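Since this is a predicted model, take the numbers as computed values, not measurements. Lettering follows sequence order; numbering is per chain, from 1.
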Amino acid sequence: MDSIIRRRTAAYVCRSCIQRTRNHIQQRAYSRAAQPDIYDVVCVGGGPAGLSLLTALRANPVTSHFRIALVEAQDLSKMQSWKLPPDRFSNRCSSLTPSSALFLDKIGAWDHLARDRVQPYHEMQVWDGVSDARIEFDWAPDAAPSADTTIAYMTENLNLTSGLLKRLAQLGGVSVFDSARVEKISLGEQTEAQDLREWPVVNLAGGRQLFARLLVGADGADSPVRSFAGIEARGWDYGRHGVVATLELQGEGWGGDQMKTAYQRFLPTGPVAMLPLPGNYSTLVWSTTPENASLLKRLPTKDFVALVNAAFRLRPTDLEFMHTQSKGQAEEYSWRMEHTPSHGKLIPQVVTGVQEGTIASFPLKMRHADTYIGERVALVGDAAHTIHPLAGQGLNQGQGDVQSLAKIIEYAVNHGQDIGARLSLEPYLAERYATNHVLMGVCDKLHKLYSVGSGPLVPLRSLGLNAVNVLGPLKKFVMSQAAGHGIKVF
Amino acid sequence: MRSSLRHTPTLLRHARAVRPSCWAPMASAVQSPSLGAPALAPASARASSSSSVNPSEISHFNALAATWWDPHGSSRILHLMNPLRHDFISTCRASSPTVTSSTPTGQLRYLDVGCGGGIFAESAARLPSTASVTAIDPSPGVLAVARSHAARDPGLTAEKLEYISATIETLPPRERSKDFDVVTLFEVIEHVDHPAAFIDRCGEFVKPGGWLVMSTIARTWTSWFTTNLMAEDILGVVPKGTHDWRKYINEDELRAHFRGKGGWSSPRVLGVVYIPGLGWKEVKGSEKIGNYFFALQRDA
C-alpha cells in the first residue's frame with residue numbers, strides 16, 4: 001500500500017488544493033508512463049455526507065495514510081469561504097441530532113462551524129391541523145436548557161459544508177478535484193502486472209482517470225455512482241413540494257434565546273414546520289402541493305407572510321380558500337383572525353417578514369436504493385436514500401451512514417481486508433439498511449396518515465397524539481429517540 | 001523421536017487409525033508408512049518425495065479453487081473467520097513481554113503454510129505492521145487462484161507477498177534461512193497425514209521468541225455433527241469431502257505434544273463458534289468442542 005501512496009502529486013492536483021496536498025504526499029518521480037493513478041478512496045460528491053466521510057478517514061490514525069480523492073462539480077473554495085452577515089440566514093437548513101453533532105465533534109469538524117449561527121432547540125410542538133390534537137415535546141419544568149435537553153441543532157447546510165471543508169483543509173492529504181465534471185465511470189483493465197478489471201475508474205473531463213479501491217457515491221439522489229454500480233433506487237414522488245424560506249419573527253421566541261422551540265403542524269396538504277434560528281429568525285419548511293408552492297413563490301411578501309401565519313393558526317378550510325386567492329391574503333388573514341380563538345404560546349410567534357430571495361421550493365421524493373454496496377462501491381447519504389423531510393432526518397441518516405462506513409473501513413484496515421471488497425463492506429449494509437428502512441417507512445406512513453383531511457382516521461390519529469402527550473414516560477422515550485440519545489430501537 | 005512418540009500417543013494413534021482405512025490407495029505416493037518416525041527425522045535426511053501432504057487432499061482443494069474468492073461461495077465461512085485469526089495473533093503477541101521482530105522497522109515476517117487461495121496471506125500482507133508474507137501450498141490450482149487474485153490488488157507487491165508452490169519439506173533454502181516471526185497453519189493440520197511431524201517441521205521455521213499459530217477442529221461428537229453431518233451433508237455450506245473427522249486433533253493432544261518436546265511455552269487457545277446470521281464468535285471452553293485456535297511461543 002505504501003507504494004501506492006507515494007506517487008507524483010503535482011500533475012493531478014487542482015489549482016485550489018496544491019498547497020493542501022503538497023505537504024502530505026511524498027513526491028516521487030516515475031520513469032514508466034501511464035501508471036494507473038490509484039486511490040484508496042475516491043469520493044464523488046462534496047456535500048455533507050462525502051465531506052464527513054473523508055474527514056473521518058483523515059482524522060483517524062488507522063486510515064490517515066489513505067490516498068484520497070474528492071470529486072465535486074461545484075467550486076469548493078467558494079463553499080469553504082462561505083460567509084453571511086449575522087442577520088442573514090441561508091434558506092437550506094437541517095436539524096442535526098445530538099448524535100450527529102457528537103460525531104462531527106469527534107472528527108474535529110464541529111469547532112469549525114460558525115457556532116453563533118447554530119441554534120439548539122429544546123422543545124417541540126407538534127399538532128394535527130384538522131383535530132388540533134397535540135403533542136408537546138417539552139422537558140420537566142425544572143430541567144435547565146443544556147446539551148442533555150437539546151433535541152437538535154438547527155444548522156445552515158452551507159455552514160456545515162464550510163466547516164467540514166475547513167477541517168478537511170486543516171487535515172490535508174486529500175486530492176480535491178472541484179469544479180470537475182465526471183464524464184464517465186468505467187472499469188480498469190488487465191495488464192501483465194495487475195488485474196484492475198474490477199476497479200472503478202472515474203474519468204474526469206480533461207482526461208484524468210482516478211482508479212478507486214473504494215468508490216464512494218455521495219453524489220445525491222441522482223447518483224451517477226449508483227447508476228455505474230447498476231443499483232436501482234425505488235420509491236415514489238409525493239406529488240408535494242417543500243417550500244423553504246428564512247422568516248423574521250416578532251421576537252426571539254416565547255422562551256427567549258435560551259429555550260427555543262420547533263413547531264410542526266400537520267395539514268392535509270402536508271406538514272408545515274417552523275424551526276428556530278438565532279435571534280428573531282426561523283426557517284420554514286412547508287410541504288404542500290406543487291400548485292400551492294408556486295402560488296407561495298409568486299405572492300408579494302406581505303401576502304406570503306400572512307399565509308405562513310395562517311398555516312399555523314387558521315383551520316384547513318380557511319387555508320384552502322386563501323390558496324385560491326391570487327392576492328390579498330394579508331387582508332383576508334387579519335379578517336379571519338378576528339374570528340379565530342387564540343392559541344397563546346402553543347404556536348410560534350407572529351412572522352413579520354421574509355428575507356429577500358430566500359423563498360424556494362423542491363419536489364419531495366422517497367427513494368431507497370436496493371443495496372448500498374457493490375464490488376468496490378459504497379453509497380452514502382442521498383445516493384442511498386431520499387426521505388420525506390417531515391422528521392428532519394435526511395442529513396442525520398447520511399451522518400449515520402458515514403459513521404458506520406468509516407468504522408467498518410477502520411475494522412477492515414486493522415484486519416488486512418481489502419476495503420473495496422464486497423465482503424468487507426457487507427457489515428455496512430447490514431448495519432444501515434434496516435435502520436434507514438424503518439425510519440423511512442415511519443416518515444412515509446406519517447406523511448400518508450396526516451394527508452387525510454377527514455374520516456375515521458382523523459380521530460384515531462388524534463387519539464395517538466393526545467395519548468402520547470399524556471403518557472409521560474412514553475413521551476420522554478419518543479423525545480430521546482428524536483434527540484438520538486435514547487435506546488436504539490431501530 | 002521416541003520422546004515425541006511417547007508424548008503424543010493420541011495424536012499418532014489418531015493418525016494411524018486414519019491411514020489404512022481411508023488413504024490406503026494413496027500410500028504409495030506418500031512415504032513413511034510407519035508414521036511419525038520418518039517425519040520427525042531431520043529435513044536433510046529425508047527423501048525428496050516425502051511430504052506432509054496427502055494427494056487426495058490436494059485434488060480436493062484444486063477442485064474448489066474456482067470458488068475460493070466468491071464471497072457467497074463455499075469458502076465464505078473461512079472468509080468470515082479470517083479477522084479472528086488476526087485478533088488471535090495480536091492477542092498472542094501482546095501477551096508476551098518478549099516483543100520480537102525480525103526487521104529493523106519492527107515489522108513482522110509471516111510464513112503461511114497451506115495458504116490455499118490466500119485468504120489469510122493477502123490480509124496479513126496488507127497490514128501496515130507486516131514486512132513480508134511467504135505463503136506456500138502444494139495444490140497448483142489453488143495457488144494459481146491465489147496468484148491471480150493477488151494481482152487484483154496493486155498494493156500486494158512482490159516484496160510484501162510471495163506465493164511458493166511447495167510443502168514445508170520442499171521449501172527452497174532461501175526461504176528456510178529467513179527468520180519468521182509468525183508461522184501460521186490455518187485449517188491445515190486436520191488435512192495432513194502426519195500431524196505431529198508436520199507441526200514440528202513448521203515449528204523449525206519460527207524464530208526464537210516468535211509464534212507458531214494454528215487453527216483446527218476438535219475431534220468430538222459435536223464437531224462430527226456440525227462439520228461433517230450438518231455443514232457438508234445436510235446444509236452443504238462446506239463442500240463435501242472437505243473434512244475427515246478422524247483426522248481432527250484435540251487441543252489437549254497438541255498441548256501434550258509440545259510439553260513433551262520442550263522449547264515452546266505460553267500455549268494459548270481460543271475456541272470459536274460459527275453462529276449463522278451472527279458470524280464467528282469467541283466462546284470460552286468451546287475449544288473442547290469444535291473450531292479453535294492454538295498458539296505457542298518459541299523460547300527465546
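A search for ring pair (Phe, Tyr, Trp, His ring centres under 6.0 Å) contacts involving B:F294 returns nothing, not counting sequence neighbours. Residues passing the side-chain contact (heavy atoms from CB on, under 4.5 Å) test with B:D70, sequence neighbours excluded: B:H72.
Taking CG from B:D153 and CZ from A:R213, the interatomic distance works out to 4.0 Å, rounded to the nearest 0.5 Å. To the nearest 0.5 Å, atoms CG (B:L127) and CD (A:Q417) are separated by 10.0 Å.
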Apply side-chain contact (heavy atoms from CB on, under 4.5 Å) to A:Q194 and B:R152, showing your working. CA-CA 6 Å; A:Q194 50 198 208; B:R152 298 181 190 189; over 6 Å; no
One pair to check against side-chain contact (heavy atoms from CB on, under 4.5 Å): A:H415 and B:D87. What are the steps and the verdict? CA-CA 8 Å; A:H415 293 82; B:D87 289 340; 2.6 Å; yes
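Listed in order of number, the residues of residues 423-431 of chain A that approach chain B to under 4.5 Å between heavy atoms are A:L423, A:E426.
With contacts defined as side-chain heavy-atom distances shorter than 4.5 Å, the pair B:R126/A:D418 qualifies. A 4.5 Å side-chain heavy-atom check between A:F211 and B:P154 finds every atom pair outside the cut-off.
Side-chain N/O atoms of B:H149 and A:D195 include no donor and acceptor closer than 3.5 Å.
Counting non-hydrogen atoms of neighbouring residues, nucleotides and ligands closer than 6.0 angstrom, the CD atom of A:E183 exceeds 12 such neighbours.
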Considering only distance and modelled atom types, tabulate donor-acceptor pairs under 3.5 Å from the side chains of residues 267-282 of chain B, sequence neighbours left out.
from, atom 1, to, atom 2, distance (Å)
B:W280, NE1, B:I77, O, 2.9

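Contact of B:R76 with chain A is made through the side chain alone, with heavy-atom distances under 4.5 Å.
Taking all atoms of both residues into account, the shortest heavy-atom contact from B:A151 to A:A193 is CB-O, 4.2 Å.
Taking A:Q190, A:R197, A:E198, A:R422 one by one and counting their heavy-atom pairs under 4.5 Å with chain B, the maximum is reached by A:E198.
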